S.K.: 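Please find one structure pasted underneath; my questions will follow.
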Amino acid sequence: MDPPTQISHLALDIGGTLVKLVYFSSNGSEEESRNGCSVVKGKLCFAKFETRKIDDCLDFIRFNILHHSGVQHQNGAVHDYLSVKATGGGAFKFADLFKEKLGILFDKEDEMHSLVGGVNFLLKTVPREAFTYLDGQKDFVNIDHNDLYPYLLVNIGSGVSMIKVDGDGKYERISGTSLGGGTFLGLGKLLTKCKSFDELLELSHHGNNRVIDMLVGDIYGGTDYSKIGLSSTAIASSFGKPISDGKELEDYQPEDVARSLLRMISNNIGQIAYLNALRFGLKRIFFGGFFIRGLEYTMDTISVAVHFWSRGEAKAMFLRHEGFLGALGAFTSYKTHSTNDSKPHHHTVQRAILNCSGDSFRHIPVTSNLNDSETIECSINLV
Ligand SMILES: Nc1ncnc2c1ncn2[C@@H]1O[C@H](COP(=O)(O)OP(=O)(O)OP(=O)(O)O)[C@@H](O)[C@H]1O
Ligand SMILES: CC(C)(CO)[C@@H](O)C(=O)NCCC(=O)O
């Protein structure tokens, strides 16, 4: 007789700055589907922790007993360990820690593969996932499943990866930049004495970048340089004002510095993204990663950069679950017979989530951002 089926329902993405967790929480009901499979209903839950506070993540997993939800290894030496999908650099760096503290073995998934898997899953399964943001207007995008590829995925984490996606599991990392979310946070901490990302963002809300950035008008005596399409208010040189101001860092308001920094990083990524889209003739660019955090100023800056450089040809789009792409990709990579075990019947057998309830998404206000307490209703088919 087959052993009782077990659901593997935890996946981790351990990055340079943040650890992201996706886990399935069953509502206790199990039904039989038409083809005789068991269907377990529940929800996908999300959590994040700072990588430098990895112990908080271990405590959370322990407290919620998530470490008992992996795939049971049946072969000899690793009998007592559970295997859990993990991606990101930390899947390598922290493997021993998780094994020692929680008895978890990481079943490593490639980071880029997971990111792409996460985005494809979201775009195909979760209604109202992608949206545009331009001129203060947020609009959900209808995804045509037959016309989804190719697209460019720009994942803004600590660093930035740019991936051309041509299909399910068909992708190529075509570019990247080390000027990413980590740069914003690291420089921001040094320049403003802020202690956290949230503090830095809050500060940036109240700032004025023109106090720090050198504008075209500063160089051209207040006029546009219309011959090459630059208005007087366009930024000629990010952080250029202090060159001639004769001021020290202390003379500037930290909120202006934070604003200018956010603008510089977002603008630069938008421009590099556009150039890469141009290289491959891609019209759709999806931006993800926790740097965005649903922040209107960031999305607006990126959208304007893409719109400006592409002369309206390319479209920047954002994702509600922007920060959980890798973790979701790792989660959905649990497959039938996913371990290297020699006895296939003893594996946890779990298919990708087949159903995400659209109802809970139909009523999402266009202005709302995702927070960790939000969930995705779904069901898992056990085969
Ligand atoms: N609460 C937060 N604490 C720290 N950084 C945050 C927070 N929220 C958003 N961020 C931003 O998100 C970035 C991390 O994003 P993300 O989690 O997608 O990347 P990562 O996986 O840690 O990095 P990488 O993929 O490069 O290893 C940070 O560098 C910072 O700019
Ligand atoms: C190294 C990774 C992939 C780790 O997530 C990321 O931080 C990144 O894409 N950095 C940019 C590296 C570069 O292409 O210059």
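Whatever order the structure lists them in is the order used to number ligands and atoms, beginning at 1. Note that the structure is predicted; figures quoted are calculated from it, not measured.
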S.K.: Return the closest protein heavy atom for atom 23 (O) of ligand 1 as residue, atom name and distance.
M.R.: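 Here the closest protein heavy atom is S158 OG, 2.7 Å.
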S.K.: Give the atom numbers and elements of ligand 1 that come within less than 4.0 Å of a heavy atom of G16.
M.R.: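 Every atom of ligand 1 under 4.0 Å from some heavy atom of G16: 20 (P), 22 (O), 23 (O), 24 (P), 27 (O).
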S.K.: Of the choices I292, T17, I156, which has the non-hydrogen atom that lies closest to atom 28 (C) of ligand 1?
M.R.: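 Heavy atom nearest to atom 28 (C) of ligand 1 belongs to T17.
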S.K.: Quick one: are the ring centres of Y23 and F331 less than 6.0 Å apart?
M.R.: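 They do not qualify: ring centres at least 6.0 Å apart.
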S.K.: For S260 and D213, does a side-chain donor sit closer than 3.5 Å to a side-chain acceptor?
M.R.: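 Per modelled atom types, S260 and D213 side chains form a pair under 3.5 Å.
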S.K.: Closer than 3.5 angstrom, by distance alone: can the side chain of Y334 be matched with the main-chain N or O of K85 as a donor-acceptor pair?
M.R.: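 At least one qualifying donor-acceptor pair exists.
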S.K.: Of F324, F290, F49, which has the heavy atom at the shortest distance from atom 15 (O) of ligand 1?
M.R.: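 That would be F290.
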S.K.: Which residue supplies the protein heavy atom nearest to atom 17 (O) of ligand 1, what is that atom called, and how far is it?
M.R.: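 It is K20 NZ, 2.7 Å.
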S.K.: State if G159 counts as touching ligand 1 under the rule of any non-hydrogen atom under 4.0 Å.
M.R.: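 Yes; G159 lies near enough to ligand 1 that a heavy-atom distance drops under 4.0 Å.
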S.K.: With heavy-atom distances below 4.0 Å as the criterion, list the atoms of ligand 1 near G181.
M.R.: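 Near G181, the atoms of ligand 1 are 29 (O), 30 (C), 31 (O).
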S.K.: With a 3.5 Å distance limit and no angle check, can you tell me whether S232 reaches the backbone of T223 through a side-chain donor-acceptor pair?
M.R.: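 No, because the side chain of S232 does not come within donor-acceptor range (under 3.5 Å) of the backbone of T223.
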S.K.: Do any N or O atoms from the side chain of T192 and from the backbone of P254 form a donor-acceptor pair under 3.5 angstrom?
M.R.: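 Side chain of T192 to backbone of P254: no pair is present.
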S.K.: Check the orientation of F46 and H321. Use parallel for under 30°, tilted for 30 to 60°, and perpendicular for over 60°.
M.R.: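 Tilted.
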S.K.: Decide whether the shortest distance between a heavy atom of G182 and an atom of ligand 1 is less than 4.0 Å.
M.R.: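 In this structure, G182 qualifies as a contact of ligand 1 - some heavy atom is under 4.0 Å.
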S.K.: In terms of residue, atom name and distance, what is the protein heavy atom nearest to atom 25 (O) of ligand 1?
M.R.: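 So the nearest neighbour among protein heavy atoms is E111 OE2, 3.6 Å.
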S.K.: Which of the numbered atoms in ligand 1 are under 4.0 angstrom from any heavy atom belonging to L185?
M.R.: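 This gives 4 (C), 5 (N) as the contact atoms.
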S.K.: Is R62 salt-bridged to D59, going by a charged N under 4.0 Å from an acidic O?
M.R.: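 Judged by the 4.0 Å cut-off on N to carboxylate O distance, R62 and D59 do form a salt bridge.
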S.K.: Can you pull the residues with any heavy atom under 4.0 Å from ligand 2?
M.R.: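 Heavy-atom contacts below 4.0 Å: E111, M112, G159, V160, S161, R173, G176, T177, S178.
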S.K.: For the residue pair H113 and Y171, is the inter-centroid distance of their aromatic rings smaller than 6.0 Å?
M.R.: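 Yes, the ring of H113 comes within the 6.0 Å limit of the ring of Y171, centre to centre.
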S.K.: Write out the residue and atom name of the closest protein heavy atom to atom 19 (O) of ligand 1, then the distance separating them to 0.1 Å.
M.R.: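 For this ligand atom, the closest protein heavy atom is G157 CA, 3.1 Å.
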S.K.: Taking 4.0 angstrom as the limit, do D218 and R210 come out as a salt bridge?
M.R.: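 Between R210 and D218 there is no salt bridge, as every charged N stays at least 4.0 Å from the carboxylate O atoms.
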S.K.: Could you identify the single nearest non-hydrogen protein atom to atom 6 (C) of ligand 1 and state the distance to 0.1 Å?
M.R.: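 Protein heavy atom at minimum distance: F197 CG, 3.4 Å.
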S.K.: So, for F197 and F184, is the gap between ring centers shorter than 6.0 Å?
M.R.: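 Aromatic pair counts; centres sit under 6.0 Å.
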S.K.: What are the atoms of ligand 1, with element, lying closer than 4.0 Å to any heavy atom of L18?
M.R.: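 Ligand 1 atoms under the 4.0 Å threshold to L18: 2 (C), 3 (N), 4 (C), 6 (C), 7 (C), 17 (O), 22 (O).
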S.K.: Please name all residues satisfying side-chain hydrogen bond (donor to acceptor under 3.5 Å, both in side chains) with K164, sequence neighbours left out, ordered by chain then number.
M.R.: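 By the side-chain hydrogen bond (donor to acceptor under 3.5 Å, both in side chains) rule, K164 matches D166.
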S.K.: Taking the six-membered ring where the residue is Trp, are the ring centres of F106 and F98 under 6.0 Å apart?
M.R.: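 F106 vs F98: aromatic centres under 6.0 Å.
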S.K.: Would you mind running through ligand 1 and noting each atom that sits below 4.0 Å from a heavy atom of G289?
M.R.: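 Checking each atom against G289, I get 18 (O).
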S.K.: Has R279 got a side-chain atom pairing as donor or acceptor with I174's backbone, closer than 3.5 angstrom?
M.R.: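 Side chain of R279 to backbone of I174: a pair is present.
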S.K.: Among all protein heavy atoms, pick out the one at the shortest distance from atom 1 (N) of ligand 1; state its residue, atom name and that distance to 0.1 Å.
M.R.: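 That would be R293 NH1, 3.6 Å.
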